[in-house]
Amino acid sequence: MIDAAAHPDRPAPTGWDRPAVRTAAELLLGTSFVVAVAAGGYAADTGHLVVVSQGAAAVFLVTVTVVLASWFRSVAAPSGSAVGDVDAEYRR
């Protein structure tokens, strides 16, 4: 028999609590950076692929915002502090 007090029910994991989603976002971050730099260099040299470079840069900026927010969100504030209490209330 499992003691319910020792093992409280945990809420279902959100999208960012799953390692596969985080890994995919981080891979997209790196890939979009490489594509933006490579296409930007090629576009500066030849004048072609400017749209690809701009699109990759936009994807990179959105992805870096999402990943940084995820990284900072995953840092847990100590329980009992005002920040920890607000964070716990927000996650409910």
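In this chain, residues are counted from 1 in sequence order.
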Visitor: Filter on side chain to side chain donor-acceptor pair (under 3.5 Å), then keep only pairs touching residues 24-37, sequence neighbours left out; what's left?
Guide: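 Qualifying pairs: E26-W71.
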Visitor: Would you be so kind as to tabulate the donor-acceptor pairs closer than 3.5 Å made by side chains of residues 34-42, with sequence neighbours excluded?
Guide:
none

Visitor: Output the rest of the hydrophobic cluster of V59: all Ile, Leu, Val, Met, Phe, Trp and Tyr residues reachable through side-chain heavy-atom contacts under 4.5 Å, sorted by chain and number.
Guide: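 Via sub-4.5 Å side-chain contacts, V59 links to L28.
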Visitor: With L29, which residues qualify under side-chain contact (heavy atoms from CB on, under 4.5 Å), at least two apart?
Guide: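 Partners of L29 by the side-chain contact (heavy atoms from CB on, under 4.5 Å) criterion, ordered by chain and then number, come out as F60, T63, V64, V67.
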Visitor: Among all residues two or more places apart in sequence or in another chain, which pass the side-chain contact (heavy atoms from CB on, under 4.5 Å) test with V50?
Guide: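 Checked V50 against side-chain contact (heavy atoms from CB on, under 4.5 Å); matches are A43, Q54.
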